[in-house]
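Numbered from 1 within each chain, the chains take letters A, B, ... in sequence-line order.
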Protein chains: 2
Amino acid sequence: MREAKGRGAEMVVYPELALTTFFPRYWMEEEEAQRRFFETTMPNPQVQSLFDEARKLGVGFYVGYAELTPEGIPYNTAIIVDKSGKIAGKYRKIHLPGHTDHKTDAPFQHLEKKFFNVGDLGFRVFDTMDVKFGMCLCNDRRWPETYRVMALQSAEVVVLGYNTPSINIYWNEPVHLRTTTHLVSLQANAYQNGIWVAAAAKCGSEDGHHMIGSSAIVAPTGEIVARTVSEEDEVICVKADLSLGEHFREHVFNFAKHRRPEFYGLIVDRVGAGEPLA
Amino acid sequence: MREAKGRGAEMVVYPELALTTFFPRYWMEEEEAQRRFFETTMPNPQVQSLFDEARKLGVGFYVGYAELTPEGIPYNTAIIVDKSGKIAGKYRKIHLPGHTDHKTDAPFQHLEKKFFNVGDLGFRVFDTMDVKFGMCLCNDRRWPETYRVMALQSAEVVVLGYNTPSINIYWNEPVHLRTTTHLVSLQANAYQNGIWVAAAAKCGSEDGHHMIGSSAIVAPTGEIVARTVSEEDEVICVKADLSLGEHFREHVFNFAKHRRPEFYGLIVDRVGAGEPLA
């Protein structure tokens, strides 16, 4: 945060589940996971210094963590904290990947569907620090609905954290695709919505499990304007001209002029793929 | 078509408005445009040889043209013709770009909203030649809803034609972005839906107006697996393994498991961008 501030940053983006290891890779009972890895209040004594430093430096931040509500409901959560150190927005992850069963043949698990409930807050946009921010988490970034719902609320910047293992446990996916599909998802969705996207990941080895990193900042042009190059802690920083997105939202992606929702019904009427319409 | 067949092709994709110049660049009255550039029947004597050759070679094809219905309604249309030379599917362009007024200061016009009605057939999928084909046209390829609605009908391959001028008449857009935004749109939408996408354009100079070309075939991995390199007539060809998309549709993009339409409502409830939801 201090390095980012020194480079002029007003907003810092941290990864998903930034306060713990990416524990959904481990098989355990829900109770154990909640005891070891979940936050029951936010802020709390362990993270208060981060909030204090944000206020002192006058920067906002986004951070992801495992949230356990007072009612005992577990979510994969992210918050935006403003420059005064106050929580200005909260998001609970909606597109939970993975499985609930113990895949004993896999090199590791992906138990987000076991450890988290589907988020109940929708894809909201928060007007704070003179920016309309949207938020999402990890797998959400691969679903175009995520960005579109926020763009329809006039989002200007979408911030997100993620953890992507370098190995696909489901099929023998060529390694380079792990980065390619991550980047093209950010690029096309930034462009198609006329928004900036800032995506921050853990990288390299965490507990011996390798992750792709490749944190990136993408302009509304669809171009990657900053990305990490190493597998170490690294700060990337851009001056984001919010008016750049306006060119796209006024012309090619002028939603009011060009969208045709009367033909988009299946997007809400069907969950899974079905038969062709007659 | 003969060269494609010689390279093993079973399906050939031609551009949008392939039978005429891209006439929406010219200011004229609707009546004149319809008299000069629209087809009132399909096939018709001028294109019968294309249909005959398809049947003779045993290849299917997609082609775009300006359609005037018996009721006098104009559409920007594409058809799929099967290996027997029969029309197996029709699409009428939904996302019409451009304007209706005469922009006298612009180097050329983009009058699709003047010359065409919005298509009335939706985004359908056609099961023909043992493939579930979706179709769209040009600007449709930049809207993620286009592909999603077809993927929700189990599309395996989306074919499309386009004409993209090398100059943006609305703002001083850097030239390289014309190609970048085209390609990332194809790539991300192919990946995010687990489909193949084949996109064919006119290229180089047509009546002195330069177009980007950059026809491409994109795999469900999001990777460009073939693209044109020249600004001349050119055939690109791939053997498309339809089972490749299944890996994505079964795991990361298993719609039935992972989609959450209860949070996508704004996509059909709003046309243009509005206020953040509370």
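Partner A/His258 forms a side-chain hydrogen bond (donor to acceptor under 3.5 Å, both in side chains) with one of B/His95, B/Lys113, B/Arg142 and no other, that one being B/Lys113.
The closest side-chain heavy-atom distance from B/His251 to A/Asn168 is not below 4.5 Å. A heavy-atom distance below 4.5 Å is found between the side chains of A/Phe263 and B/Val118. Between B/Glu173 and A/Thr221 the shortest side-chain heavy-atom distance does not fall below 4.5 Å. Between B/His176 and A/Glu223, the closest side-chain pair of non-hydrogen atoms falls below 4.5 Å.
Listed options A/Pro174, A/Ala256, A/Gly222, A/Pro276 were ranked by heavy-atom pairs under 4.5 angstrom with chain B; first place goes to A/Pro276. Contacts with chain A were tallied for B/Asp269, B/Leu177, B/Thr180; B/Leu177 has the most, counting heavy-atom pairs under 4.5 Å. Options B/Ala155, B/Ala278, B/Pro97 differ in how many heavy-atom pairs under 4.5 Å they form with chain A, and the most are formed by B/Ala278. Chain A forms the most heavy-atom pairs under 4.5 Å with one residue out of B/Gly274, B/Ser185, B/Ala151, and that residue is B/Gly274. For the set A/Val184, A/Thr181, A/Val149, the count of heavy-atom pairs under 4.5 angstrom toward chain B peaks at A/Thr181. The greatest number of non-hydrogen atom pairs below 4.5 Å with chain A, out of B/Pro144, B/Ala188, B/Gly122, B/Gly119, is found for B/Pro144. The residue among B/Leu186, B/Asn139, B/Val268 with the most heavy atom pairs within less than 4.5 Å of chain A is B/Val268. Of the residues considered (B/Asn193, B/Val252, B/Asn254), B/Val252 shows the highest number of contacts with chain A, using heavy-atom pairs under 4.5 Å.
Among all heavy-atom pairs drawn from B/Asn189 and A/Gln192, the shortest one is ND2-NE2, 2.9 Å.
Looking at A/Arg178, neither its backbone nor its side chain comes within 4.5 Å of chain B, counting heavy atoms on both sides. Looking at A/Phe133, there are no atoms closer than 4.5 Å to chain B (heavy atoms on both sides), in backbone or side chain. Both the backbone and the side chain of A/Tyr170 come within contact range of chain B, each with at least one heavy atom under 4.5 Å from a heavy atom of that chain. No part of A/His110 comes within reach of chain B, as not one of its non-hydrogen atoms sits under 4.5 angstrom from that chain. Within the 4.5 angstrom heavy-atom criterion, only side-chain atoms of A/Phe123, from C-beta onward, approach chain B. Contact of A/Trp143 with chain B is made through backbone and side chain together, with heavy-atom distances under 4.5 Å.
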For this session: Evaluate the salt bridge (charged side-chain N to carboxylate O under 4.0 Å, His left out) criterion for residues A/Arg260 and B/Glu145: first the C-alpha distance (whole Å), next the side-chain angles of each, then the deciding distance (0.1 Å), finally the verdict.
Result: CA-CA 9 Å; A/Arg260 293 287 164 185; B/Glu145 291 89 346; over 6 Å; no
For this session: Determine, step by step, whether B/Arg259 and A/Ile267 satisfy the side-chain contact (heavy atoms from CB on, under 4.5 Å) criterion, reporting the C-alpha distance in whole Å, the side-chain angles of both residues, the deciding distance to 0.1 Å, and the verdict.
Result: CA-CA 9 Å; B/Arg259 292 184 82 246; A/Ile267 292 171; 3.6 Å; yes
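Residues passing the side-chain contact (heavy atoms from CB on, under 4.5 Å) test with B/Lys132 are B/Val125, B/Asp127, B/Ser154, B/Glu156, sequence neighbours excluded.
Atom-to-atom distance recorded for B/Leu244:CG and A/Trp171:CH2 is 5.5 Å, nearest 0.5 angstrom.
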